[in-house]
Each structure stands twice: as structure tokens, then as C-alpha cells.
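Accompanying notes for the structure given below.
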Amino acid sequence: MGCSGCRVRFNFGKVLSKVSVCFTMVLIFTYFFYCLAGICHSAPRTLYKQLNDDILDDHRNFLDSLRPPPRLLPARNGTLSADAEQVEAPVQLSESAKESSNIPVSNTFGTKRFPQAIIIGVKKGGTRALLEFLRIHPDVRAVGAEPHFFDRFYDKGLEWYRNLMPRTLDGQITMEKTPSYFVTKEAPGRVCTMNCQTKLIVVVRDPVTRAVSDYTQTLSKNPGLPSFQSLALKNSSTGLIDTTWSAVRIGLYAKHLENWLQYFPLSQFLFVCGERLVSDPAGEMGRVQDFLGLKRVVSDKHFYFNQTKGFPCLKKPEGSSRPRCLGKSKGRPHPHIPSEILQRLRDFYRPFNQRFYLLSGQDFGWD
């Protein structure tokens with residue numbers, strides 16, 4: 001009987017020892033499980049941050065409330081196409097799928113393409129307004145900032161340039177604007193190297209008014225700037241115009257266009273009238289949409305005229321609390337310029353304007 005009791009106590013001790021070992025193992029496995037779970041949970045955050053940094057700005061543009069969601073339509077006959085190399089990318093997730101997952105929302109749809117159309121000029125002609133109006137169209141995707149690739153950053157290479165572009169779906173076109181391209185001697189050849197089928201848009205404006213606007217912008221940044229007349233004239237006694245001053249040189253549209261026509265036929269240009277873009281934005285936008293092979297979506301219903309600014313603004317988009325106008329720098333008052341200086345400039349530009357009308361096939365009526 002005593003030996004039996006010893007065996008019971010001995011067996012109980014062995015059982016207790018095994019239970020302790022099992023419990024310890026459970027604690028160890030639990031510890032490792034939570035450690036691994038923590039690592040797995042944190043790893044994607046870093047990865048997604050790295051993957052998303054380069055496309056976050058483009059996604060914000062895509063979510064612009066003015067623009068309806070892109071339509072998954074087959075390419076139309078009128079849609080532009082580029083012969084440049086393209087980079088494939090995953091198909092877009094539905095918005096509901098994005099919201100139901102814990103994955104950060106990012107622009108993972110479509111393809112990054114070289115621009116099929118570029119707004120190449122001119123500075124202070126109305127290029128920003130044109131781009132903002134175009135971005136209403138669901139089939140237009142555009143870079144927000146001016147890339148300046150073909151005039152300043154060409155040495156970075158075409159692949160760098162393409163990576164700046166937003167992603168597009170079939171039936172959409174990619175665009176950018178850099179007004180200084182029009183006056184850059186090397187730009188036409190460089191654009192043609194990328195794609196000689198690129199469509200080119202030039203927003204032009206009375207060169208005298210444009211020069212004053214250009215000066216006004218510079219003056220706002222540099223209040224100590226010399227007077228307009230001292231910069232426009234080589235000397236006051238002769239009255240000769242100083243064509244080395246950029247504000248004057250940009251307005252020699254004929255000379256710049258002749259450079260571009262060495263690489264591109266006239267049929268690939270659209271000349272938008274800056275004055276009509278202000279007085280009749282819907283009419284000019286109709287011409288632009290036709291030129292790009294787009295359905296006429298942007299129309300009168302999108303605009304109203306802001307009397308204070310003297311410019312058209314976009315009507316309040318759905319979900320927005322106020323209308324959308326261009327920045328404070330647009331529509332700023334011009335300084336007073338003596339009438340005789342303005343007349344000298346008009347006389348100077350007249351033969352260049354006539355040559356430009358002949359080359360472009362349009363009479364803009366500036367004379």
C-alpha cells in the first residue's frame with residue numbers, strides 16, 4: 001500500500017513536469033507568433049510608402065472633383081495614338097475594393113505614356129487657363145507642373161520624362177505644358193526625337209499686350225525692376241526696340257514658328273487665340289477638343305465670367321463649396337505704359353505679325 005502511494009506521487013510528479021513543459025512551449029510559440037505578426041504588419045507600410053511616393057501627386061489630380069471618373073471605353077478612331085514605347089501597369093481597382101481593403105489608396109491603373117499632345121507656348125498667352133479647362137475632360141490626363149524637359153532637363157533622358165507623366169487608360173490622352181518650348185531653339189528636334197506625330201498647341205496673344213503682362217509678372221516679383229520703356233528700347237533717342245529682352249523676343253511668333261516647321265507639318269499645330277479664350281472659352285475649347293480627337297465635353301455650362309478678375313472661371317463643381325478660378329496672379333492690373341511706347345511696339349511687331357498670319361493660316365487681327 002505504501003509503495004502504491006509512492007508510485008502515485010511519482011506519476012503525478014511526471015505529469016506535472018510534462019504539463020509545465022507544454023505550457024512553457026505554448027508561451028514560447030505565442031511569443032514568436034506575435035513577433036512575426038508584428039513584423040508582417042509593419043513591412044507593407046514601408047513598401048507601400050516607397051511604391052506610392054512617386055505617384056501620390058498624380059492620384060490627387062485624378063481625384064479632382066471637377067473631373068468625372070474615367071470611362072473604360074475602347075479607343076475611338078479620333079483618339080490620338082503615339083508610336084513611342086509604352087510601359088504596362090496593373091489595372092485599376094474599383095473604388096469600393098480600395099475602400100474595403102486596408103491597402104493605401106494609390107494610382108495603380110493604366111499606362112505611363114509619352115504625351116500625345118503638348119502645349120508648347122506662349123508664356124503669358126493663356127496656357128495655364130487652357131490646361132485647367134482641358135482637365136475637366138475625362139479623357140485628358142495632364143502633368144500639373146511644367147516639366148521643362150525639352151529645354152532644361154533633356155540630359156535626364158526620355159525614361160525620366162515618361163515617369164513624370166500620369167497613367168492613362170485606353171481612350172485617354174496624356175498632355176503637358178511648358179510655354180518656353182516654343183522659344184527654345186533645340187526643342188522642336190528633341191520633341192520629334194521622342195515622337196514626330198506629337199500634336200502641338202500654341203496659345204498666342206497680341207504680342208504688345210503679352211509683353212506688358214510679362215513685365216507685370218516680373219515686376220511683382222522684383223519691385224526694383226527698371227521701367228518698361230527703358231527695357232523695351234535700346235535707347236530713348238533712336239527709339240529702336242531691344243529684341244534681346246525676353247519680353248519682346250517671345251512675341252516674335254513667326255521666327256519661332258519657322259523653327260518648329262522645320263520638324264513638324266502645319267497640320268500638327270493648333271493656334272489658340274488667347275483673347276478668344278477669355279471672351280469665348282467654350283468656343284475655343286471646342287476647337288481644341290476637335291483637334292485632339294475628343295468628344296466635345298467642355299462647353300458653356302462649365303464657365304462663368306468673373307467681373308473682378310476679368311477672366312472666365314469654372315463653375316462650382318459637384319461636391320465643392322465654391323467656383324474654381326485661376327490664382328491671384330491672374331488678372332493683376334498692368335502698370336501704366338506711355339502710349340507712344342506702345343505704338344512703337346505695335347509698329348515694330350506689325351511685319352512679324354503679318355508673317356505669322358501667313359505661316360499659321362490665321363489672321364488674329366492684332367494690327
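The backbone N or O of Tyr253 lies less than 3.5 Å from no partner atom in the side chain of His256, so there is not a single donor-acceptor pair. Checking side-chain atoms of Arg205 against main-chain N and O of Lys124 turns up a donor-acceptor pair under 3.5 Å. Put simply, the side chain of Tyr349 never gets that close to the backbone of Asp206: no donor and acceptor are under 3.5 Å apart. Without hydrogens or angle criteria, Arg344 side chain to Ala232 main chain gives no donor-acceptor distance under 3.5 Å. Although no hydrogens or angles enter the test, the distance criterion places a donor-acceptor pair under 3.5 Å between the side chain of Gln268 and the main chain of Cys196. No donor-acceptor distance shorter than 3.5 angstrom exists from the side chain of Tyr263 to the backbone of Thr193, with no hydrogens or angles considered. Although no hydrogens or angles enter the test, the distance criterion places a donor-acceptor pair under 3.5 Å between the side chain of His137 and the main chain of Lys295. Ser213 places no side-chain N or O within 3.5 Å of a backbone atom of Thr209 that could act as its donor or acceptor partner. Of the possible polar contacts, one joining the Gln172 side chain to the Leu169 backbone as a donor-acceptor pair under 3.5 Å is found. Without hydrogens or angle criteria, Arg190 side chain to Phe150 main chain gives a donor-acceptor distance under 3.5 Å.
Criterion: ILVMFWY side-chain heavy atoms under 4.5 Å apart, direct or through other members. Under it, Leu252 and Leu231 are part of a common hydrophobic cluster. At a threshold of 4.5 Å between side-chain heavy atoms, the hydrophobic network of Ile, Leu, Val, Met, Phe, Trp and Tyr places Val183 and Leu359 in one connected group. Hydrophobic clustering (ILVMFWY, side-chain heavy atoms < 4.5 Å, transitive): Ile250 and Ile118 are in one cluster. Residue Val204 is grouped with residue Tyr181 when hydrophobic side chains (ILVMFWY) are merged at heavy-atom distances under 4.5 angstrom, including chains of intermediate members. Using a 4.5 Å cut-off between side-chain heavy atoms of Ile, Leu, Val, Met, Phe, Trp and Tyr, with links allowed through other members, Leu345 and Phe364 fall into different hydrophobic clusters.
When side chains are defined from C-beta on, Trp260 does not count as touching Val202, because their heavy atoms never get closer than 4.5 Å. Residues Trp245 and Leu233 form no side-chain contact, since every pair of their non-hydrogen atoms from C-beta on lies 4.5 Å or further apart. Counting heavy atoms from C-beta on, the side chains of Ile201 and Leu130 come closer than 4.5 Å. Considering only heavy atoms from C-beta on, Phe264 comes within 4.5 Å of Cys192 through its side chain. Counting heavy atoms from C-beta on, the side chains of Leu164 and Phe149 never come closer than 4.5 Å. Taking the side chain as every heavy atom from C-beta outward, Val140 and Thr174 never approach each other to under 4.5 Å. In this structure, Pro115 and Thr198 have side chains that are not in contact, with every pair of non-hydrogen atoms separated by 4.5 Å or more. Under the 4.5 Å side-chain criterion, counting only non-hydrogen atoms from C-beta, Phe305 is in contact with Val278.
Side-chain rings of Tyr154 and Trp160 stay apart, their centers remaining 6.0 Å or farther from each other. Ring to ring, Phe352 and Trp366 are not that close: their centroids are 6.0 angstrom or more apart. Ring to ring, Phe271 and Phe356 are close: their centroids are under 6.0 angstrom apart.
Nearest heavy-atom pair across Met175 and Ile119 is CE-CG1, 4.0 Å. Between Pro207 and Asn353 the shortest heavy-atom distance is CG-OD1, 3.5 Å. When all heavy atoms of Val203 and Gly274 are compared, the pair lying nearest together is CG1-CA, 4.1 Å. For Val297 against Lys301, the heavy-atom pair with the smallest separation is O-CE, 4.5 Å. In plain terms, the two heavy atoms of Thr216 and Pro333 that are nearest each other are CG2-O, 3.6 Å. Among all heavy-atom pairs drawn from Ala254 and Arg355, the shortest one is CB-CG, 3.5 Å.
A donor-acceptor contact closer than 3.5 angstrom links the side chains of Ser227 and Ser230. Judged purely by distance below 3.5 Å, without hydrogens or angles, the side chains of Tyr161 and Glu176 pair a donor atom with an acceptor atom. Counted by atom type alone, Asp151 and His148 present one or more donor-acceptor pairs between their side chains at under 3.5 Å. Between the side chains of Arg113 and Thr168, at least one donor N or O sits under 3.5 Å from an acceptor N or O.
Taking OG1 of Thr218 as the reference point, atom CZ of Phe228 lies at 11.0 Å (rounded to 0.5 Å). To the nearest 0.5 Å, atom CE of residue Met285 and atom CG of residue Leu292 are 8.5 Å apart. Interatomic distance, Glu146 CD to Leu131 CG, rounded to the nearest 0.5 Å: 9.0 Å. Rounded to the nearest 0.5 Å, atoms CG (Asp300) and NZ (Lys315) are 8.0 Å apart. Of the inter-residue distances, the one linking Asp214 atom CG with His334 atom NE2 reads 10.0 Å to the nearest 0.5 angstrom. A distance of 11.5 Å separates CD in Gln289 from CG in Leu270, rounded to the nearest 0.5 Å.
When the side-chain hydrogen bond (donor to acceptor under 3.5 Å, both in side chains) test is applied to Asp347, the partners found at least two apart in sequence or on another chain are Gln343, Arg350.
In this structure, Leu240 stands alone, with no Ile, Leu, Val, Met, Phe, Trp or Tyr side-chain heavy atom under 4.5 Å from its own, directly or through other members.
Annotation: cation-pi geometry satisfied between Lys199 and Phe291 (NZ/CZ under 6.0 angstrom from ring centroid, within 45° of ring axis). Phe114 carries Arg162 over the face of its six-membered ring, with the cationic atom under 6.0 Å from the centre and within 45° of the normal.
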Exercise for the section: Step by step, work out the side-chain contact (heavy atoms from CB on, under 4.5 Å) result for Phe133 and Val288. Expected result: CA-CA 10 Å; Phe133 297 165; Val288 175; over 6 Å; no
Practice task
Would you check, one step at a time, whether the test side-chain contact (heavy atoms from CB on, under 4.5 Å) holds for Leu261 with Leu266?
Solution key: CA-CA 7 Å; Leu261 288 174; Leu266 188 63; 4.3 Å; yes
Exercise for the section: Decide yes or no on salt bridge (charged side-chain N to carboxylate O under 4.0 Å, His left out) for Asp367 and Arg346, but give the supporting numbers first. Expected result: CA-CA 7 Å; Asp367 303 308; Arg346 289 192 180 92; over 6 Å; no
Exercise for the section: Could you give me the CA-CA distance, side-chain angles and deciding distance for Phe182 and Leu257, then say whether side-chain contact (heavy atoms from CB on, under 4.5 Å) is met? Expected result: CA-CA 8 Å; Phe182 189 59; Leu257 180 56; 4.2 Å; yes
Practice task
Could you walk me through whether Thr127 and Val122 pass the side-chain contact (heavy atoms from CB on, under 4.5 Å) test, one step at a time?
Solution key: CA-CA 7 Å; Thr127 58; Val122 298; 5.9 Å; no
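A salt bridge between Asp290 and Arg296 is present, with a side-chain N of the basic residue lying under 4.0 Å from a carboxylate O of the acidic one. Taking the charged nitrogens against the carboxylate oxygens, Lys255 and Glu258 have no contact shorter than 4.0 Å, which rules out a salt bridge.
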